[in-house]
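Below is one structure, written out as structure tokens; the observations come after it.
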Number of protein chains: 2
Amino acid sequence: MEQSETPCGLDVSLEIMGGKWKPLILYHVQDGPTRFSEVRRLIGGISEKVLAQQLRDLVAMGVLERRDHHRVPPVVDYSLTPFGKTLVEALIPLCEWGNRNRAHVTKLSRNASRMKIG
Amino acid sequence: MEQSETPCGLDVSLEIMGGKWKPLILYHVQDGPTRFSEVRRLIGGISEKVLAQQLRDLVAMGVLERRDHHRVPPVVDYSLTPFGKTLVEALIPLCEWGNRNRAHVTKLSRNASRMKIG
DNA sequence: GGCAGTACATACCAAAAGGTAAGTGTGGGA
DNA sequence: TCCCACACTTACCTTTTGGTATGTACTGCC
């Protein structure tokens with residue numbers, strides 16, 4: 001990206017939210033403080049280990065805030081920082097694009113894997 | 001994602017453009033037909049092998065079109081399909097977000113790696 | 001023949017990301 | 001005492017992605 005001549009900030013955005021799970025985590029936390037187990041449930045299919053790791057990164061990058069309620073059993077929730085909210089706003093178009101094109105892409109994926117086999 | 005209760009199409013978008021290089025490729029091809037070597041130059045830091053692989057995927061998913069000019073030396077260019085254009089449009093907010101927050105994120109990255117060492 | 005330019009492909013490996021299984025700490029209740 | 005719920009952590013492994021080095025195909029030129 002260092003040699004790019006056009007202004008593209010995707011390297012920056014991707015540094016924060018790149019990967020399989022971070023975009024989804026950010027999306028699902030947008031409605032307010034969300035508990036670890038609830039984040040996991042909303043996303044589906046992510047292991048506790050990977051979720052913990054990804055949340056830790058997002059907190060470190062200042063887009064998520066972690067609040068420990070000091071209870072037993074533990075109660076911890078995660079919410080977007082103001083900074084994080086700006087990022088999620090930038091993610092929404094991509095989310096909507098996905099929704100609009102879900103059927104089409106599903107078909108494409110099937111065709112693509114057929115071509116690989118054939 | 002299957003168990004998600006809120007409509008989030010990010011799984012779909014990420015299926016097409018997920019990963020280190022695809023977003024950047026899509027961004028850099030938006031101005032019209034772009035040759036393999038030019039894509040590589042614009043992006044910077046990507047190997048020929050990985051570029052070829054990523055372009056192949058994007059063509060397979062119908063967001064890029066490959067045109068071979070049947071010359072020697074070979075002349076091949078890649079351009080966005082109409083479908084691909086809609087995707088790049090959805091990527092622009094993320095790109096702009098990255099540009100706006102580049103300095104802030106650079107600082108965060110430095111702090112994050114310091115914390116890991118310390 | 002060798003060399004050039006271009007767009008790949010192949011072989012093998014490194015690095016990163018993700019996954020499964022089991023473990024830890026804490027207070028509360030039976 | 002044991003068991004529970006919750007949010008993690010640790011150990012070890014698998015899968016995916018990216019990387020380096022080299023090779024291939026093609027025509028034209030010296």
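Source: prediction; values computed, not measured. In the text below, chain A, chain B and the rest are named by the order of the sequence lines, each starting its count at 1.
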- Quickly work out the A:Arg71 CZ to C:dG28 P distance and round it to whole Å. 13 Å
- Among D:dT20, C:dG18, D:dA7, the one nearest B:Ser47 by side-chain distance: D:dT20
- Note on the structure: Atom CZ of B:Arg41 and atom C1' of C:dT6 are separated, to the nearest Å, by 16 Å
- Query: Over how many whole Å does the gap from B:Leu14 atom CG to C:dG18 atom P extend?
  - Reply: 11 Å
- Item | Closest nucleotide among C:dG5, C:dG18, D:dG18 to the B:Val72 side chain | C:dG5
- Query: Quick one: B:Lys22 NZ to D:dG18 P, roughly how many Å, whole number?
  - Reply: 8 Å
- Of D:dC8, C:dG25, D:dA21, the nucleotide closest to the side chain of A:Pro74 is C:dG25
- Item | Non-hydrogen atoms of A:Pro23 and A:Leu91 that approach each other most closely | O-CD1, 3.9 Å
- Side-chain N,O (A:Arg66) to OP1/OP2 (D:dC8) below 4.0 Å: yes
- For atom CZ of B:Arg40 and atom P of D:dG18, their distance in whole Å: 15 Å
- Message: D:dA7, OP1 or OP2 - any side-chain N/O from A:Arg35 closer than 4.0 Å?
- Response: yes
- With respect to the side chain of B:Trp21, which nucleotide from C:dG18, D:dA7, D:dG18 is positioned closest? D:dG18
- Item | Spatial distance of atom OG (A:Ser13) from atom CG (B:Asn101) [nearest 0.5 Å] | 8.0 Å
- Task: Show the numbers, then the answer: is there a salt bridge (Lys or Arg N to Asp or Glu O under 4.0 Å) between B:Arg66 and B:Asp77?
- Result: CA-CA 6 Å; B:Arg66 180 181 180 274; B:Asp77 65 46; over 6 Å; no
- For D:dA5, does OP1 or OP2 lie under 4.0 Å from any side-chain N or O of A:Ser37? no
- Item | Euclidean distance, atom CG of residue A:Leu58 to atom P of C:dA17 [Å, nearest integer] | 13 Å
- Note on the structure: Contacts of A:Glu48 and A:Pro73 projected onto DNA chain C by closest heavy atom; the upstream (5') one is A:Glu48
- Query: Between C:dA17 atom C1' and A:Ile25 atom CD1, what is the distance in whole Å?
  - Reply: 13 Å
- So, is B:Gln53 close to the C:dC8 phosphate, meaning a side-chain N or O under 4.0 Å from OP1 or OP2? no
- Would you find a donor on one side and an acceptor on the other, under 3.5 Å apart, between the side chain of B:Gln30 and the backbone of B:Tyr27? yes
- May I have the distance from B:Lys49 (atom NZ) to C:dA9 (atom C1'), rounded to whole angstrom? 11 Å
- Item | Short side-chain to backbone donor-acceptor contact, A:Thr34 and A:Gly32, under 3.5 Å | yes
- Look at A:Arg56 and D:dT9 and indicate whether a side-chain polar atom (N or O) is within less than 4.0 Å of OP1 or OP2. yes
- Quiz item: B:Lys20 side-chain donor-acceptor pair to D:dG18 base, under 3.5 Å: no
